[in-house]
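Here the structure is a predicted model, which means the values were calculated and not measured. Here is how names work: the chains are called A, B, and so on, in the same order as the sequence lines, proteins then strands, and each is numbered from 1.
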There are 2 protein chains.
Amino acid sequence: MFNATTFADDLATAPVVPASACANSNAREPRPAQHCASCSMRSACMPQTLSDQELSRFDSIVSATRLIKRGDALYRANDTFQSIYAIRSGSFKTVVMHRDGREQVTGFHLAGEVLGLDGVCTEHHSSDAIAIEDSSVCIIPYALLESMCAESKRLQQQVLRMMSGEIVRESSLMMLLGTMSAEQRVAAFLLNMSSRMKARGYSAAEFNLRMTREEMGNFLGMKLETVSRMFSKFQRDGLVQSHGKRIRIVDLDELSRV
Amino acid sequence: MFNATTFADDLATAPVVPASACANSNAREPRPAQHCASCSMRSACMPQTLSDQELSRFDSIVSATRLIKRGDALYRANDTFQSIYAIRSGSFKTVVMHRDGREQVTGFHLAGEVLGLDGVCTEHHSSDAIAIEDSSVCIIPYALLESMCAESKRLQQQVLRMMSGEIVRESSLMMLLGTMSAEQRVAAFLLNMSSRMKARGYSAAEFNLRMTREEMGNFLGMKLETVSRMFSKFQRDGLVQSHGKRIRIVDLDELSRV
DNA sequence: CGCAAGGTTGACTAGTCTCAATCCTTGTGG
DNA sequence: CCACAAGGATTGAGACTAGTCAACCTTGCG
């Protein structure tokens, strides 16, 4: 049923608009920015509401892109905050750490999403952002963004909305962590990933998870073994087929009802 | 050991700067605003970084105050978003609700804190804000705030910082919900309340909790019985003395180490 | 004074974690 | 190209934390 040939599977659910920003390079240092106007992630990304004029102004403050290898950090907790980052391709996890070493994954972030807003408050980041696959980001220097916000009402609104959206997103995660059973959390996670993949032009029913069971478990407030058991249970019940990181949602309605 | 006379206890830990905004009224509808310059919460509140000139301009957009009785809602999920609110006196809980009726308390909010930023994103609130004691708030119309942000860089920064702070606060709650035992959660909660009381001029060691065990449990992702057991355990271990809502922290260091 | 709401405690249960064995997948070097 | 190592995933058995249900106590208010 599941063909394990990753490449073929990837083709089967290729994005409508493939993000191929970093096609021919392996440099890890900042490099010239591409232009938002021609970016494949534009519709999902930050400047979506801007006029053409504002867009080109915005373009000019996006100073560079940066490539991040799988496992490397885009920034770390306590780094001084200078920029926010729009994910151009790939994906990240954000992790907060307690002094005693406990870690909590606070989110998984896909192309088009913005990282780093946690730093505005104290001018230091409060979390690590780690690439969970080779990724690229656009660097948006915060001081310039702030200045431009004073000029462009639309941009200001966009930034405020983005922040508020982050607050709302985190509230619903608190709901998940505070009130749901392990089974419900995993179901909610799969549904969430599904709708985000769909929003990016991938199949809502079949996709690759980029994170390990351990990272998922850490995010969902449970152990990796429990995540694995829930996947097995969903498979037994005919809701989902899973083979490692490859996921196919078979009965989306039933999964929503868990 | 614990004297149950609430009034006397309240005196024992009276705030250095009592917030007496709603002294002589019981009206529930909007009423003329007081002035920020003379407000007892000013140092803890939103316009803390503004110049005198900016402050008076800010004052002019704070249209009114409103009294909210214990148990009443300041706003509810799906209400259209028009204003944010600075708590002048009293305290609130914010609650998000799932379609199936599950509720999660996402925060307790004390005087000087700002409520309602969840609404910026969709122009509808995503949570309920319920007064957990008789309270009063200043109403800050968001459209006016937004306009003023375009003029005052300092205000813009303040608003962005506030939002970012909310994001960071919620991340640390996710950590609490995702990685801590019931005992650790209750300890962290007490320490958090303690430092917030202290920041408001109350005693850090002895204070009244305004919420019920059920509300605490809902916030901390556990049942009220478990909260109660943890209080009893801390009392047995000599870390905390509790008598209903009255709390005295006996061994703050040890409580931090839990 | 009596009632309702809130709080405490106990006994039992369910759900998740822990530890451990095993399997599968992927990448690497001979 | 194959063998092997290492990381990741799955599964099982037993332990333990927190939930459930129920009884009872305390406090504040009409």
Asks: Take atom CG of B:L224 and atom P of D:dA18, then tell me their distance rounded to the nearest Å.
Replies: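 To the nearest whole Å, that distance equals 15 Å.
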Asks: What's the CG-C1' distance between A:L209 and D:dA9, to the nearest Å?
Replies: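 Rounding to the nearest Å, CG of A:L209 and C1' of D:dA9 are 13 Å apart.
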Asks: How would you list, by chain and number, every residue that makes a side-chain contact (heavy atoms from CB on, under 4.5 Å) with B:E170, sequence neighbours excluded?
Replies: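 Partners of B:E170 under the side-chain contact (heavy atoms from CB on, under 4.5 Å) test: A:I167, A:E170, A:S171, A:M174, B:E166.
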Asks: Rounding to a whole Å, what distance do you find between B:M211:CE and C:dA5:C1'?
Replies: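 Rounded to the whole Å, the gap is 17 Å.
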Asks: Find out whether the Lys NZ or Arg CZ of A:R248 is both under 6.0 angstrom from the six-membered ring centre of A:F207 and within 45° of the ring's axis.
Replies: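 Here A:R248 fails the 6.0 Å and 45° test against A:F207.
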Asks: B:T226 side chain N/O closer than 4.0 Å to the phosphate oxygens (OP1, OP2) of D:dA18?
Replies: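 B:T226 to D:dA18 OP1/OP2: no side-chain N or O under 4.0 Å.
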Asks: Can you figure out which of D:dT11, D:dA18, C:dT25 approaches the side chain of A:H243 most closely?
Replies: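 Nearest nucleotide to the side chain: C:dT25.
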Asks: Can you measure A:E183 atom CD to C:dG15 atom C1' for me and round it to whole angstrom units?
Replies: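 From A:E183 CD to C:dG15 C1': 11 Å.
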Asks: Relative to the 5' end of DNA chain D, which residue comes earlier, B:M222 or B:R70, by the nucleotide with the nearest heavy atom?
Replies: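 Comparing both residues, the 5'-ward one is B:M222.
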Asks: Does C:dT9 have its OP1 or OP2 closer than 4.0 Å to a side-chain nitrogen or oxygen of B:S232?
Replies: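 So the side chain of B:S232 is within the cut-off, an N or O lying under 4.0 Å from OP1 or OP2 of C:dT9.
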Asks: Among D:dA18, D:dA9, C:dT8, which nucleotide sits nearest the side chain of B:S228?
Replies: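 Of the candidates, C:dT8 comes closest.
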Asks: B:K223 has a side chain; which of C:dG6, D:dG19, D:dG8 sits nearest to it?
Replies: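 From the listed options, D:dG19 comes nearest.
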Asks: Can you tell me how far P of C:dA5 sits from CD of B:E133, to the nearest Å?
Replies: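 Result: 21 Å.
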Asks: How close or far is atom P of D:dT10 from atom CZ of A:F234, stated in whole angstroms?
Replies: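 Computing the A:F234:CZ to D:dT10:P distance gives 13 Å.
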Asks: Under 6.0 Å between the ring centres of A:F92 and A:H109?
Replies: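 No, the ring centres sit 6.0 Å or more apart.
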Asks: How long is the line joining CD of B:E225 and P of D:dT17, in whole Å?
Replies: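 It works out to 18 Å between those atoms.
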Asks: Under the 3.5 angstrom rule, does the side chain of A:S135 hit a backbone N or O of A:E133 as a donor-acceptor pair?
Replies: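 Indeed, once roles are kept as given, a pair shorter than 3.5 Å links the two residues.
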Asks: Ion pair present between A:D134 and A:R70, side-chain N to carboxylate O less than 4.0 angstrom?
Replies: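 Not counted as a salt bridge, because no side-chain N and carboxylate O are separated by less than 4.0 Å.
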Asks: With no angle test and no hydrogens, is the base of D:dG19 tied to the side chain of B:R229 by a donor-acceptor pair under 3.5 Å?
Replies: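 No, no donor-acceptor pair under 3.5 Å.
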Asks: C:dT9 P sits how many Å from B:M230 CE, rounded?
Replies: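 Taking atom P of C:dT9 as the reference, CE of B:M230 is at 12 Å.
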